[in-house]
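Numbers restart at 1 for each chain; the letters A, B, ... are given by sequence-line order, proteins then strands.
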Amino acid sequence: MTTDFLSHLNPSQRQAVEHFCGPLLVIAGAGSGKTRALTYRIANLVLEHHVDPENILAVTFTNKAAKEMKERIERLFAEREAARSHDKPLEALPGHVQTKLRSQVYKTITKDLWIGTFHALCCRILRFDIEKFQDERGRKWTRAFSIFDESDAQSLVKDIIINQLNLDEKKFDPRSVRYAISNAKNKGLSPQEYEKEQPNFRGRVISNVYSVYQDKLAENNAIDFDDLILIPVQLFRQNEQIRAYWHKRFRHILVDEYQDTNRTQYDLIQLLVTNGESASKFEDWNYRSVFVVGDADQSIYSFRMADFTILMGFQHDFGDGLPDDDTRTMVKLQENYRSTENILQLANELIENNTERIDKILKPTRGRGESTFCYRAQDEIDEAEFVIQQMRRLEQMNADLHWGKFAILYRTNAQSRAFEDILVRWGVPYKIVGGLRFYDRKEIKDVLAYLRAIVNPADTLSLLRVINTPRRGVGKSTIESLQKASIELGIPLWEIISDETSVKTLAGRSAKGVSAFAAIIEKHREMLDSVSASEIVQGVLEESGYVRDLKAQGTDEAEDRFQNVQELYNAVLQYEEENEDDKSLVGFLANASLASDLDDTPEEATNVSLMTLHSSKGLEFPIVFLVGLEQGLFPSYRSLDDPAAIEEERRLCYVGITRAQERLFISHARERRLYGNREPASPSLFLAEMPRELMDTNTATSLPSKWTKSLAKGGSQTRTAAPVGAEPSDDLDWSVGDRVMHAQFGVGEITNVFGSGAKATLAIRFDGLPGMKRKILPISDRALQSID
DNA sequence: CACAACACGTTTTTT
DNA sequence: ACGTGTTGTG
């Protein structure tokens, strides 16, 4: 039986899955079946090595990935169980038997596996142990802690800068200060340590804001997303018993998307694995493993402190550090099951231009496929028109294609506009993936604030958010006098609000409203231990008057909000169904704070997907349009002067290309509307790095006949390309195809011209440089001369 | 205390 | 261009 299920794997996958104890780094290329490796490995640990599911910890970065992993493991076990007890494949069994098998698998195996995001897992640990923690300044929290989201954190920092420390908002922009604090936390630095690292005025001030920020969090019995990881790390460092408990518990640790870990997350994993010993000295690998899966080439989140050098350092930290061919602690999954050979070759060649990476190529397992088509558009409207014509043409030509199989990927959200307009015009159904999140909506945050205030009396921020929502006649001045009393007496705001006499003396005419509000919170707080989450939510929605108020407004917008509140109630019900053992409001709130979004509705699977390249990671589509490949847009202008940033943009491009299964279209425009005005645009550096022979284009550098032929069927909407002579060559000394001589690099040919005028840059392929490598040089480079 | 005019910034985003 | 957040007025 066991051998049978391992036969679904290729040799390297099998090597990864069968690895039992010790460290292992799995370099998993795009589309190489890494989720398969992860899930089969967990199954193998349980079935073959009889590991207790309780001893397995699997960490992911998104809830979606965690959910998918859980489902696939459950199915794996259910399939095996079906074959064993019924001698049939799972799908061949009647529905109720399948359900029974699944619930049996859940009860005996998957329920005890810890599979989740770093944040969800740490949240679980903290619900056990946070009361045993005290930070370096003696701050403490209780298990009823609130989790402040990014906007809560933002407004807290802003309040500190303006009201507490009276700093100049211009000099200390709350957003960048908040970013600095978050970065400090992600590196595991306390305010004091941060100050040591930034020994200047700005560093001192930020350290101060950071310290007051932590005071405020503690006052509110709240922590932010960064603390969710950082506090367990600090707790494990200061408390040997707690550390030893979790170290003993999680004997087999798996980490997905390891290239996305930051320093603190790495520290957490290391503490759990080695029980605090240094990683390279740790030797007690009996019945213990750490198994990390990642791909440095898909690291696209350094702007939020992800550090792919952690992945590159795994061999040194935990592994044997031997060369790739001899090592027993690294496996590369390079067979790609997703894309055609043409697409893979393009991706491989592009990423070769990066210097910081682990050598790896994606090996094709499918046919050669069709060439990638690169379209040069006049502007963003023309680009959108090209995309829709191609989609319409392909959809008509192929019976098995429907709109759900197309994706349009762009660098910035603003680019979606032109595509949305045209999709609406042609009546093509589409969905925007990502974008505004459900739990970020005002009405949802309002309701959650009620719930948080009920669970956590110290959560003053939430209390203030809804004390006058809906209107209860509690105005700014009333709130101010209540807050002032709270500060002067040194007691939480809730103590004031819930005390009738205090309210009467402080709130004057508003006293009635304040007391009514306090009564609602109090009443539901008393119900916490005896009543399920949904009942409390229902009670709050009715008695707070929130729903009544929305309905009274009678606008379309209010109706929308009401629908969303209804959705939230549904989410509570769904939570209760999925968490039979913990139907509490506390459980739901943790879940809601850490959830990015509600699940897609299934009908949307038939829509064209529009999303940023970042959102596309982990997804795949038969047909992909990679749009806006223009210098300054993609790569972004913020990365142009930083080689490391350019490499990250290149990885982003690599991610985009490797989303495509069958066909890839790339496009760029000659001019584009940006912040209201038209701006000229030049082709992206990445286009110059893509091999010509793998692409068809509508530009004169390749055969135009090919292009006209392939578009002819699509109708007359597409414009003809301007002849190449119309390049802005009149104000340039150089144009594509010119032979040049460079003092340092020798003879070469110009392959691309970026920008125009004095600040233009040239891409030159020098004959003397190995591997068709190009150099990007400023047009002002004196060492460059023309040769004919 | 509410609404309207105005200034501002604008890569990517999960938890 | 456009949405957000802050200021000013009735």
Nearest whole angstrom, please: distance from the [atom2] of [N] to the [atom1] of [X].
X         : N       : atom1 : atom2 : value
Met611(A) : dT14(B) : CE    : C1'   : 16 Å
Leu619(A) : dT13(B) : CG    : P     : 13 Å
Asp642(A) : dT12(B) : CG    : P     : 18 Å
Arg651(A) : dT13(B) : CZ    : C1'   : 16 Å
Glu630(A) : dT11(B) : CD    : P     : 16 Å
Gln298(A) : dT13(B) : CD    : P     : 17 Å
Glu649(A) : dT13(B) : CD    : P     : 12 Å
Gln265(A) : dT14(B) : CD    : P     : 15 Å

More than 12 heavy atoms from other groups under 6.0 Å of NZ on Lys64(A):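 Result for NZ/Lys64(A): open.
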
Can you establish whether the number of heavy atoms outside Arg175(A) located under 6.0 Å from its atom CZ is more than 12?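 No, CZ of Arg175(A) has 12 or fewer neighbouring heavy atoms, counting only those of other groups under 6.0 Å.
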
Is there a donor in the side chain of Asn456(A) and an acceptor in the side chain of Ser146(A), or the other way round, less than 3.5 Å apart?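 On atom types as modelled, these side chains qualify, holding a pair under 3.5 Å.
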
What is the ring orientation for Phe128(A) with Trp114(A), classed by angle as parallel under 30°, tilted 30 to 60°, or perpendicular over 60°?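 Ring orientation, 0 to 90° scale: parallel.
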
If the plane angle is over 60° it's perpendicular, under 30° parallel, otherwise tilted; pick one for Tyr410(A) and Phe419(A).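 The rings of Tyr410(A) and Phe419(A) lie parallel, inter-plane angle below 30°.
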
Considering heavy-atom distances to DNA chain B, does Phe118(A) or Ser477(A) have its closest nucleotide positioned more toward the 5' end?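 Final value for this comparison: Ser477(A).
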
Taking the nucleotide of DNA chain B with the nearest heavy atom to each, does Glu648(A) or Ser510(A) sit closer to the 5' end?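 The residue whose closest nucleotide sits nearer the 5' end is Ser510(A).
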
Lys/Arg N to Asp/Glu carboxylate O, Glu647(A) vs Arg357(A), below 4.0 Å: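 Looking at Glu647(A) and Arg357(A), the cut-off is not met.
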
Please tabulate the protein-to-nucleotide N/O contacts below 3.5 Å involving nucleotides 2-4 of chain C, giving atom names and distances.
from   : atom 1 : to        : atom 2 : distance (Å)
dC2(C) : OP1    : Arg417(A) : NH2    : 3.2

Scan nucleotides 7-10 of chain C against the protein and return all N/O pairs shorter than 3.5 Å with their distances rounded to 0.1 Å.
none

Inter-residue atom distance Leu589(A).CG - Arg452(A).CZ, 0.5 Å rounding: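 If we round to the nearest 0.5 Å, Leu589(A):CG and Arg452(A):CZ are 8.0 Å apart.
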
In Å, rounded to the nearest 0.5 Å, how long is the span from OG of Ser684(A) to CZ of Phe686(A)?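 Rounded to the nearest 0.5 Å, the OG-CZ separation comes out at 5.0 Å.
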
Which nucleotide wins on minimum distance to the side chain of [X], given the candidates [options]?
X         : options                   : result
His614(A) : dT11(B), dT14(B), dT13(B) : dT13(B)
His119(A) : dT12(B), dT15(B), dT14(B) : dT15(B)
Asn63(A)  : dT15(B), dT13(B), dT11(B) : dT15(B)
Arg304(A) : dT14(B), dT12(B), dC1(B)  : dT14(B)

Would you indicate what [X] reaches in the nucleic acid, counting non-hydrogen atoms under 4.0 angstrom: base, sugar-phosphate, or nothing?
X         : value
Asn677(A) : nothing
Ser593(A) : nothing
Val655(A) : nothing

Does dT12(B) have its OP1 or OP2 closer than 4.0 Å to a side-chain nitrogen or oxygen of Asn413(A)?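 Yes, within the criterion.
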
Would you say a side-chain N or O of Thr612(A) is under 4.0 Å from OP1 or OP2 of dT13(B)?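 For Thr612(A), the contact criterion (side-chain N or O under 4.0 Å from OP1 or OP2 of dT13(B)) is met.
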
Minimum side-chain heavy-atom gap Leu38(A)-Arg72(A) below 4.5 Å: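 Leu38(A) does not reach Arg72(A) side chain to side chain.
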
What do you reckon, are the aromatic ring centroids of Phe621(A) and Phe406(A) less than 6.0 Å apart?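 No; Phe406(A) has its ring centre 6.0 Å or more from that of Phe621(A).
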
Centres of the Phe303(A) and His614(A) rings: under 6.0 Å?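 So the answer is yes for these two rings.
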
Decide, applying a 5.5 Å centre-distance limit and a 30° plane-angle limit (both strict), whether Tyr301(A) stacks on dT14(B).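 So Tyr301(A) does not count as stacking on the base.
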
What pairs of nitrogen or oxygen atoms, one from the protein and one from nucleotides 2-10 of chain B, lie under 3.5 Å apart?
from   : atom 1 : to        : atom 2 : distance (Å)
dA2(B) : OP1    : Arg471(A) : NE     : 3.0

Going by salt bridge (Lys or Arg N to Asp or Glu O under 4.0 Å), Arg465(A) matches just one of Asp446(A), Asp152(A), Asp149(A). Which one?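 Going through the options one by one, the only one that passes is Asp446(A).
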
Within 45 degrees of the ring normal and closer than 6.0 Å to the centroid, is that where the cationic atom of Arg139(A) sits relative to Phe133(A)?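 Arg139(A) over Phe133(A) ring: no.
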
